[in-house]
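The model shown is predicted, which means the values in this text are computed figures rather than measured ones.
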Amino acid sequence: MSSLSSIRGGDARRSIAWQLQLHFSKLQDPELLIRHALESSKRAGDFKTATKAHARIVTSGYWANPPVLASLVSAYVRCHQLDLAERVVHQVASRCRDLLTLNIFLRDLLGAGQCGVARKLFDKMPERDAVTWNSMIGGLTRNGRFHDALASFRDMLGSDVKPDGFTFSSVFTSCARVGFLSHASWAHGLMIEKKIEGHYILNAALIDMYARCGKIQTAREIFDSVPRDDVSVWNSMINGLAIHGHAHDAITVFSEMEQENVTPDSITFVGLLTACSRCGLVEEGRKYFDSMRRRYSIQPEIQHYGAMVDLLARAGSVDEAYAMIKEMPMKPDAAIWRTLLSSCKVFKRSRLGEVAIANIPRPESGDYVLLSNTYCSLTRWDSAAKMRNLMKKKRVGKNCGKSWIEFAGEIHQFRSGDRSHRETEALYEVLDELIKRTKMAGFVPSMELVLMDVADEEKEENLNFHSEKLAVAYGVLKSSPGSEIVVLKNLRICYDCHCWIKLLSRILSRMIVVRDRLRFHRFE
């Protein structure tokens, strides 16, 4: 059977190559033909077609066409021919001395997601201007390479090219996604030092940065001090308030926006619906979902439907959320089915959870874990075991939860049960003491969350050493009493840790802030 599939796969590739040869002879526009061939080779992973297109580029004189060359590099990467991709970059950098052409090539490579190859080109460029640096930093940011973007910015500061407003807008976005306040303060201070004039893109990025780094009050102060005639500035403030769970403040800002005659756009309503979802404002969410269509003639997109499904599901209206998914005018994406799956875990709806995971195109580890958690909460150990076996069969590894805390300019990272930190002994002594104090105050671990049919003592030990608890304990160990503790986590905070940190905040009379994958949790 496998050999038959192999033959058919080979026939399909030869068929593609034959069709492309036919196109070469018939189509009028050689550039269109070449790009069509490269796109086809990328989709099929057809190395032979990519090399033929490469030859056509050389013979047709398209060696100085940046979009075509970027497509060629992407095709080689897709065909796992990284050496050839890098050779193309090297030849372009060696032959071309026109900075404009090289900048366009760099931009197109980053636009195609080829960050590693783009970096090779960047390093080989004989000269770089502000456009070169902005393309590199902005491209890395758009591709989610936030630490690399900040590293490139530091390199730029050491060059003879001065950053401008566009540089800082990308830097602020990277700082926002990294989430550490020290990065944000450093970048903002540099902008002031270099006397960069603010514009609406920069102001929006600045507000977003402080909001995502936990300083929503600073974000509000900036919002109140800058020109607010562009909708993006309002959107940053509304979305910032939403991720902090300040729904009523977000609604107030929206009212001010209407009073100042700034027309909202689709992003505005994503922020409003998210804010309503975070605080369970179901009726208000329905009102905004309706008004965006009736009053502003904005057709809901998949993000709006996703926010509405989240709003209904969080409020316990799981069946209504499922009905909305079925009635959507577009195909629901994986994020929407994951929202439903998450609510099925909370409200113990295993049957509907099975429907949700069946509709996720490529389930990830977190999806299986959510359904396993649902089974465990219903003490369906056999079903949970089958789910774990399915994960093993499909070779799906569980995403490792990681938490970070910043102290004295240094980032400290923890994993669940981590004992690699240089202050592990003192850290675990503090954690043990904190666990004792929370137990004395009435805390009961949520042992139904542990994916094992084992003794309660073993379950409790599993919960005690989650990464966010370790990070909070380290914050208590190193910081002064009464100071704020801020922790970042790569996954969603679990229910047990949420309840534990909430009680600990009360016991210690301290503000503890946890930013997880979706939002801020402020315990005060």
Table please: side-chain donor-acceptor pairs of residues 189-206 below 3.5 Å, with sequence neighbours left out.
from: His199; atom 1: ND1; to: Ile201; atom 2: N; distance (Å): 3.3
from: His199; atom 1: ND1; to: Leu202; atom 2: N; distance (Å): 3.2
from: Asn203; atom 1: ND2; to: His199; atom 2: O; distance (Å): 3.3

Is [X] salt-bridged to [Y], going by a charged N under 4.0 Å from an acidic O?
| X | Y | result |
| --- | --- | --- |
| Asp319 | Arg349 | yes |
| Glu301 | Arg293 | no |
| Arg286 | Glu320 | yes |
| Arg295 | Glu258 | yes |
| Asp418 | Arg415 | no |
| Asp208 | Arg177 | yes |
| Arg338 | Asp310 | no |

Can you list the steps and then say if Asp265 with Thr268 is a side chain to side chain donor-acceptor pair (under 3.5 Å)? CA-CA 5 Å; Asp265 60 13; Thr268 313; 3.0 Å; yes
If you look only at pairs with a residue in residues 163-172, which of them pass as a salt bridge (Lys or Arg N to Asp or Glu O under 4.0 Å), with sequence neighbours excluded? none
Side-chain donor/acceptor pairs under 3.5 Å, residues 504-511, sequence neighbours excluded:
from: Ser505; atom 1: OG; to: Arg510; atom 2: O; distance (Å): 2.6
from: Ser505; atom 1: OG; to: Phe523; atom 2: O; distance (Å): 3.1
from: Arg510; atom 1: NE; to: Ser483; atom 2: O; distance (Å): 3.0
from: Arg510; atom 1: NH2; to: Ser479; atom 2: OG; distance (Å): 2.6
from: Arg510; atom 1: NH2; to: Ser480; atom 2: O; distance (Å): 3.1
from: Arg510; atom 1: NH2; to: Ser483; atom 2: O; distance (Å): 3.0
from: Arg510; atom 1: NH2; to: Ser483; atom 2: OG; distance (Å): 2.9

Determine, using ring centers only, whether [Y] and [X] are less than 6.0 Å apart.
| X | Y | value |
| --- | --- | --- |
| His304 | Phe289 | no |
| Phe407 | His412 | no |
| Phe153 | Trp186 | yes |

Report the C-alpha separation of Asp516 and His521 in whole Å, then their side-chain angles, then the decisive distance to 0.1 Å, and conclude whether the side chain to side chain donor-acceptor pair (under 3.5 Å) test is met. CA-CA 8 Å; Asp516 69 8; His521 304 266; 2.9 Å; yes
Residues Arg220, Met237; criterion side-chain contact (heavy atoms from CB on, under 4.5 Å); working and verdict: CA-CA 7 Å; Arg220 184 62 198 246; Met237 192 69 250; 3.9 Å; yes
Thr141-Ser174 side chain donor-acceptor pair, cut-off 3.5 Å: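 Yes, Ser174 and Thr141 have a side-chain donor paired with an acceptor closer than 3.5 Å.
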Residue pair Asn235 / Ser232, side-chain donor-acceptor N/O under 3.5 Å: no
Verdict with reasoning, Asp367 to Trp337, per side-chain contact (heavy atoms from CB on, under 4.5 Å): CA-CA 10 Å; Asp367 305 321; Trp337 287 113; over 6 Å; no
Is it true that, when you exclude [X] itself, more than 12 heavy atoms of the residues, nucleotides or ligands shown sit nearer than 6.0 Å to its [atom1]?
| X | atom1 | answer |
| --- | --- | --- |
| Asp382 | CG | no |
| Arg154 | CZ | yes |
| Met440 | CE | no |

Residues Leu340, Ile336; criterion side-chain contact (heavy atoms from CB on, under 4.5 Å); working and verdict: CA-CA 6 Å; Leu340 184 67; Ile336 288 178; over 6 Å; no
Could you walk me through whether Tyr322 and Glu327 pass the side chain to side chain donor-acceptor pair (under 3.5 Å) test, one step at a time? CA-CA 9 Å; Tyr322 182 42; Glu327 293 167 4; over 6 Å; no
Taking it one step at a time, do Arg278 and Arg519 satisfy side-chain contact (heavy atoms from CB on, under 4.5 Å)? CA-CA 9 Å; Arg278 296 290 184 262; Arg519 61 165 293 177; 3.6 Å; yes
Whether Arg419 engages the ring of Tyr428 as a cation-pi pair (distance to the six-membered ring centre under 6.0 angstrom, angle to the ring normal within 45°) should be assessed. yes
Rounding to 0.5 Å, atoms OH (Tyr375) and CZ (Arg380) come to a distance of 5.0 Å
Can you tell me how far the CD1 atom of Ile405 sits from the CD1 atom of Ile485, to the nearest 0.5 Å?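 Interatomic distance, Ile405 CD1 to Ile485 CD1, rounded to 0.5 Å: 6.0 Å.
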Keeping Ser342 on the side-chain end and Thr339 on the backbone end, is there a donor-acceptor pair under 3.5 Å?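 Such a contact is absent between Ser342 side chain and Thr339 backbone.
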